[in-house]
Amino acid sequence: MTTLRIVSGSANPGLTAAVTNYLGAGPTVSTLQRFPDGELRPTVENVCGSDVYVVQPTAPPVNDHLVELLLLLDACRRTRAARITAVVPYFGYARQDHRSAEGEPLAARVVADMIAHAGADRLIVVDPHTATLERMCPIPVQTLTAIPILAQEIALSERVVVAPDEGAVKLAERYAAKSRDSLAVVRKQRETGATVSAFDVVGDVRNRLTVIVDDMISTGATIETAVGLLRLHDAAPDIIVAATHGVFTHGALGRLRALGLHRLIVTDTIHHPDPSPPIQVCSIAPMLAEAIARLHANQPMLTVPAPAR
């Protein structure tokens with residue numbers, strides 16, 4: 001069997017270290033140099049003949065982390081790695097999986113093509129925003145889900161699972177399947193990238209504990225409107241929010257903290273320095289380590305992917 005090597009990008013070295021520790025693999029040295037004009041030059045030690053896994057979520061700043069991933073993949077290819085897997089827990093540009101107007105790009109397809117052309121033989125992602133990623137990617141895609149990890153942190157049997165919009169219904173159904181209680185859906189319309197108007201709640205939430213679930217939280221606008229509507233419908237005050245990816249763009253954390261949430265649970269697909277209540281971070285490192293170990297040994301995967309939007 002070829003040697004297993006784990007290479008870390010700069011986006012989330014803590015996650016990579018945890019995965020490496022679970023696998024009992026020795027660290028693979030990589031460095032990142034930044035030139036004054038913003039150019040990146042990552043380097044990686046010789047991985048010739050190895051089965052390499054490059055761990056780099058493309059979280060904000062998305063473009064820097066994406067370019068670094070591409071250059072790391074190319075560096076591994078040029079040192080003649082036997083097989084290269086891009087481990088991208090958070091896949092940036094996944095929301096741009098279709099064109100809604102003439103003249104727009106299909107950015108998710110462009111990024112998938114770039115990852116393949118840079119040298120990746122395979123791609124691992126966690127709860128991508130689009131169900132079409134595997135169909136548009138030219139290399140095999142292994143999709144993992146953090147739903148079981150997040151569900152363990154929530155008393156689902158005591159709560160109504162709430163989809164904050166129609167797009168999150170399938171995801172919410174996966175959570176609700178672990179609960180005796182019902183599912184509720186917030187009907188909304190997005191006005192801009194940061195502004196959302198909510199219309200109604202479909203389902204009984206009056207005097208009931210609720211948990212809002214989604215695949216990602218970016219600006220926090222969707223969660224804010226959902227929480228406001230739940231309270232308007234007299235839901236119990238201790239509202240929990242759970243999402244795989246806590247992107248938390250500028251101003252999002254302040255907006256979310258102001259909601260008075262009971263808990264806000266995310267995973268470490270994206271690095272969260274010094275999280276404080278109500279934010280709670282659950283690690284996906286054991287899940288990633290299991291997936292890498294099985295792929296390295298050419299064994300079948302046990303994790304069932306969750307439906308994306």
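From a predicted model like this one, the values you see are computed outputs, not experimental measurements. Worth knowing before you read on, the calculation uses all heavy atoms, side chains too, and leaves out hydrogens, waters and symmetry mates.
- Rounding to the nearest 0.5 angstrom, the gap separating the CE atom in M114 from the CG atom in L70 is 5.5 Å.
- By the criterion of side-chain heavy atoms lying less than 4.5 angstrom apart, applied directly or through intervening Ile, Leu, Val, Met, Phe, Trp or Tyr residues, L4 is not grouped with V7; the two fall into different hydrophobic clusters.
- Listed here is the closest heavy atom pair of P60 and V247: CG-CG1, 3.7 Å.
- By the criterion of side-chain heavy atoms lying less than 4.5 angstrom apart, applied directly or through intervening Ile, Leu, Val, Met, Phe, Trp or Tyr residues, M136 is not grouped with Y90; the two fall into different hydrophobic clusters.
- A donor-acceptor pair is defined here as one N or O able to donate and one able to accept, closer than 3.5 Å; no such pair exists between the side chain of H245 and the backbone of H129.
- A donor-acceptor pair is defined here as one N or O able to donate and one able to accept, closer than 3.5 Å; such a pair exists between the side chain of N12 and the backbone of L15.
- Residues C282 and I265 approach most closely at SG-CG2, 3.7 Å, considering heavy atoms.
- The side-chain heavy atoms of I212 and I240, taken from C-beta on, include no pair separated by under 4.5 Å.
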What do the steps show when you test V161 against L156 for side chain to side chain contact (heavy atoms under 4.5 Å, CB included), and what is the final call?
-> CA-CA 8 Å; V161 179; L156 284 173; 4.0 Å; yes

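- Atom OG1 of residue T222 and atom CE of residue M216 lie 9.5 Å apart, to the nearest 0.5 angstrom.
- We find the CD1-CE distance between I124 and M301 to be 6.5 Å, quoted to the nearest 0.5 Å.
- For the pair H296 (side chain) and I292 (backbone), a donor-acceptor distance under 3.5 Å is absent.
- Counting all heavy atoms, side chain and backbone alike, V186 lies closest to P164 at CB-O, 3.4 Å.
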Take V241 and V211 through the test side chain to side chain contact (heavy atoms under 4.5 Å, CB included) and record every step on the way to the result.
-> CA-CA 5 Å; V241 174; V211 53; over 6 Å; no

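- Contact check on R99 versus E104 returns no salt bridge, with no Lys/Arg side-chain nitrogen under 4.0 Å from an Asp/Glu carboxylate oxygen.
- Using a 4.5 Å cut-off between side-chain heavy atoms of Ile, Leu, Val, Met, Phe, Trp and Tyr, with links allowed through other members, V126 and V87 fall into the same hydrophobic cluster.
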Show the numbers, then the answer: is there a side chain to side chain contact (heavy atoms under 4.5 Å, CB included) between L253 and I279?
-> CA-CA 9 Å; L253 285 176; I279 299 172; 3.3 Å; yes

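- Here the side chain of D165 pairs no donor or acceptor atom with the backbone of R187 at under 3.5 angstrom.
- Side-chain contact between V160 and L209 is absent, with no heavy atoms from C-beta onward closer than 4.5 Å.
- Residues L123 and P140 form no side-chain contact, since every pair of their non-hydrogen atoms from C-beta on lies 4.5 Å or further apart.
- Between the side chains of R231 and T210, no donor N or O sits under 3.5 Å from an acceptor N or O.
- Heavy-atom neighbours of R95 CZ from other residues, nucleotides or ligands within 6.0 Å: at or below the threshold of 12.
- Each side-chain hydrogen bond (donor to acceptor under 3.5 Å, both in side chains) pair with one or both residues in residues 105-122, not counting sequence neighbours, appears once here: Y53-R122, T85-R122, R109-D113.
- The backbone N or O of D204 sits less than 3.5 Å from a side-chain atom of R208, completing a donor-acceptor pair.
- Side-chain atoms of T267 come within 3.5 Å of backbone N or O of T244 as a donor-acceptor pair.
- Not one N or O on the side chain of R83 forms a donor-acceptor pair closer than 3.5 Å with the backbone of D51.
- Within the 4.5 Å cutoff, the side chain of F91 has no heavy atoms near those of the L66 side chain.
- Each of T58, V110, N63, T130 was compared with Y93 under the side chain to side chain contact (heavy atoms under 4.5 Å, CB included) criterion, and only N63 meets it.
- A donor-acceptor contact shorter than 3.5 Å is absent between the side chain of S50 and the backbone of V52.
- Under the 4.5 Å side-chain heavy-atom criterion for Ile, Leu, Val, Met, Phe, Trp and Tyr, I139 and V88 are members of the same hydrophobic cluster.
- The two residues D214 and A168 come nearest to each other via the heavy atoms OD1-CB, 3.8 Å.
- Taking 4.5 Å as the limit, some side-chain heavy atom of I284 sits within range of a side-chain heavy atom of P89.
- Between atom CG of residue L144 and atom CG of residue D127 there is a gap of 8.5 Å, rounded to the nearest 0.5 Å.
- For Q56 (side chain) and H65 (main-chain N/O), a donor-acceptor pair under 3.5 Å exists by modelled atom type.
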Does the side chain to side chain contact (heavy atoms under 4.5 Å, CB included) test come out yes or no for L40 and L32, once each step is laid out?
-> CA-CA 7 Å; L40 305 177; L32 178 63; 4.1 Å; yes

Atom pairs and distances, side-chain donor-acceptor, residues 21-28, under 3.5 Å, sequence neighbours left out:
from, atom 1, to, atom 2, distance (Å)
T28, OG1, R5, NE, 3.1
T28, OG1, I6, O, 3.3

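- The closest side-chain donor-acceptor pair between E68 and S10 falls under 3.5 angstrom.
- A salt bridge links D64 to R34: one of the charged nitrogens lies within less than 4.0 Å of a carboxylate oxygen.
- Atom CD1 in I239 sits 5.0 Å away from atom CG in L230 (nearest 0.5 Å).
- The shortest side-chain heavy-atom distance between C76 and V44 falls under the 4.5 Å cut-off.
- For H272, the ring-ring contact (aromatic ring centres under 6.0 Å, His included) partners two or more places apart in sequence, or in a different chain, are F248.
- The shortest heavy-atom contact between V201 and A184 is CG1-CB, 4.2 Å.
- Hydrophobic clustering of Ile, Leu, Val, Met, Phe, Trp and Tyr side chains at less than 4.5 Å, counting indirect connections, unites V227 with V266.
- Enclosure of atom CG in D37 by more than 12 non-hydrogen atoms of other residues, nucleotides or ligands within 6.0 angstrom is indicated.
- How far CG of L229 is from CD of E224: 12.5 Å, rounded to the nearest 0.5 Å.
- At a threshold of 4.5 Å between non-hydrogen side-chain atoms, the residues I84 and R77 count as touching.
- Between H233 and V205, the shortest heavy-atom distance links the atoms CB-CG2, 3.8 Å.
- For the pair R41 (side chain) and L71 (backbone), a donor-acceptor distance under 3.5 Å is absent.
- Two residues are said to be in side-chain contact when any heavy atoms from C-beta on lie closer than 4.5 Å; I147 and I149 fail this criterion.
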